[in-house]
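Everything numeric in this text was worked out from a predicted model, so none of it was measured. Chain identifiers are assigned alphabetically (A, B, ...) following the order of the sequence lines, protein sequences preceding nucleic acid strands; residue numbering begins at 1 within each chain.
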Amino acid sequence: MSVGRAYVLLSQSRRWPSGYRRLLHLSPSIATMWPPHFEDPIWQQNALKELSGSQEFERLKTVPIKSAPFTASASIFYSPIVERFTRQLMRKGKREIYDRLMLDTMGEIKRIQLSRYYDAKSDTARTEIETCPTRIIEMAVENASPLMLIQSVRMGSVQYQVPTPITAERTPFEAIRWIIEIAYDRPNNRKLSFYKSLADIIVQTSMNVGPVIARKHEHHRICDQNRAYANYRRQP
Amino acid sequence: MYVISKGFLPSVQFNMVNLTSHVLKAADCRYSSLGRAVIPNSKQTVAFRERIPLALRNHVKISGTFKQQKVCVNEMVEMMSCLQKVDQNEAMCQKEIQNFQKCYNGFVNATNVARKAGKPKDIQTGNNVKLSSIQVTDIIRDFPTSKRTRVFYYEKPPNRTY
């Protein structure tokens, strides 16, 4: 019996608790199949265009390179922020469901924006309305991203909330987290489908209004209250 | 007097004896032979034997670093005061926000470059210079006093005569 067949049988059988089922996955955090001298692939078209003709490009021709990630795409609809959003939304590794959910939200966003577009009375108002859903999601994440991070530091049996600078890697993570959390905690969540509430929140955030922006402002206010402890942070 | 009786088994009677004092005495005898018992200094007749070579370690114990000003604190405070003035409207404080982000991103990039290149060794020289524990270990490693390579290094003693 092959390993893949055995895995399918074991994962489907009821005798194995969920913890064991997770152990059977060979996720990249546990082991990579690539030897250490293999280099990361460059699959973004813009990056390849910039590199071509340079000395680095000539070197990379002869070097062993890993295969591209399965999310790599040259499509014009591809957006790294949307990709990140689906990953953060995803639970239990069920990607197909959450890809579908993301497509549904994008369709809902399109519907909301088009209705606004056709309801607009003048042409100047119409030109201001953005109808591309990927662009709307990117705008929402950009608007919701915080400028600082709060770190709780213990100094002499007192817990301080210390404002710290935030890296460019972490900002979209926090923004997406807030959007998802608030979309889940909607009061009408049981009656409304999740993708509808998510789309509503994303459209609101892209226009710089709504609960996510309020939460960001509250976060910044807490930072401002604790500005005296800015020197207590652990990092330099 | 304790009595054990269980079903059809015949009952057994026995007395309990306190043995702790005897056990402690035995332990004392045992450990004193191994040299673990507490012996006053006046009675110590054992000659000093150098088991670990008497040389300083090649490292200093890591202690708390200096209290120094953290990076980009002034820029951050400026940005926060600006945001407070205009009621969290970020469009009004673009200059301060960009200034802060440029400062921190520059610091992160510089540290990443330094980490790739190796350890930074910008050590001051002079009479009254305070060095951190990490800087001192950097110096001592270049001029080692003992053969020790690891922190817990134990050199094997010569063959015992006893």
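Annotation for A:Q55: atom CD does not count as buried by contact number, only 12 or fewer foreign heavy atoms lying within 6.0 Å. By the neighbour-count criterion of 12 heavy atoms within 6.0 Å, atom CD of A:Q161 is densely surrounded, having more than that number from other residues, nucleotides or ligands. The environment of CD in A:Q159 is crowded: more than 12 heavy-atom neighbours from other residues, nucleotides or ligands sit within 6.0 Å. Atom OH of A:Y160 has more than 12 neighbouring heavy atoms from other residues, nucleotides or ligands inside a 6.0 Å radius. For CD of A:E56, the number of neighbouring non-hydrogen atoms (other residues, nucleotides, ligands) closer than 6.0 Å is greater than 12. Around NZ of A:K66, the count of heavy atoms belonging to other residues, nucleotides or ligands within 6.0 Å exceeds 12.
For the atom pair CE (A:M148) and OH (B:Y104), the distance works out to 13.5 Å, reported to the nearest 0.5 Å. Taking CZ of A:R221 as the reference point, atom CE of B:M80 lies at 14.0 Å (rounded to 0.5 Å). For the atom pair B:I97 CD1 and A:L147 CG, the distance stands at 5.0 Å (nearest 0.5 Å). In this structure, B:M79 CE and A:H220 NE2 are separated by 6.5 Å, a value rounded to the nearest 0.5 Å.
With a 4.5 Å cut-off on non-hydrogen atoms, B:S81 touches chain A through its backbone and its side chain both. Heavy-atom distances place the side chain of B:Q101, and not its backbone, under 4.5 Å from chain A. The part of A:I166 that comes within reach of chain B is its backbone (N, CA, C, O), which places non-hydrogen atoms under 4.5 angstrom from that chain.
The heavy-atom pair separating B:V71 from A:R233 by the smallest distance is O-NH2, 2.5 Å.
Without hydrogens or angle criteria, B:K70 side chain to A:Y232 main chain gives no donor-acceptor distance under 3.5 Å.
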### Query
Hey, mind stepping through B:L83 and A:D224 against side chain to side chain contact (heavy atoms under 4.5 Å, CB included) and telling me if it holds?
CA-CA 9 Å; B:L83 282 174; A:D224 190 42; over 6 Å; no

### Task
Could you walk me through whether A:K216 and B:E90 pass the salt bridge (charged side-chain N to carboxylate O under 4.0 Å, His left out) test, one step at a time?
CA-CA 11 Å; A:K216 189 185 78 170; B:E90 286 173 31; 2.6 Å; yes

### Task
Please assess B:Q88 against A:E218 for the test side chain to side chain contact (heavy atoms under 4.5 Å, CB included), listing each intermediate value before the final yes or no.
CA-CA 9 Å; B:Q88 308 292 331; A:E218 195 189 323; over 6 Å; no

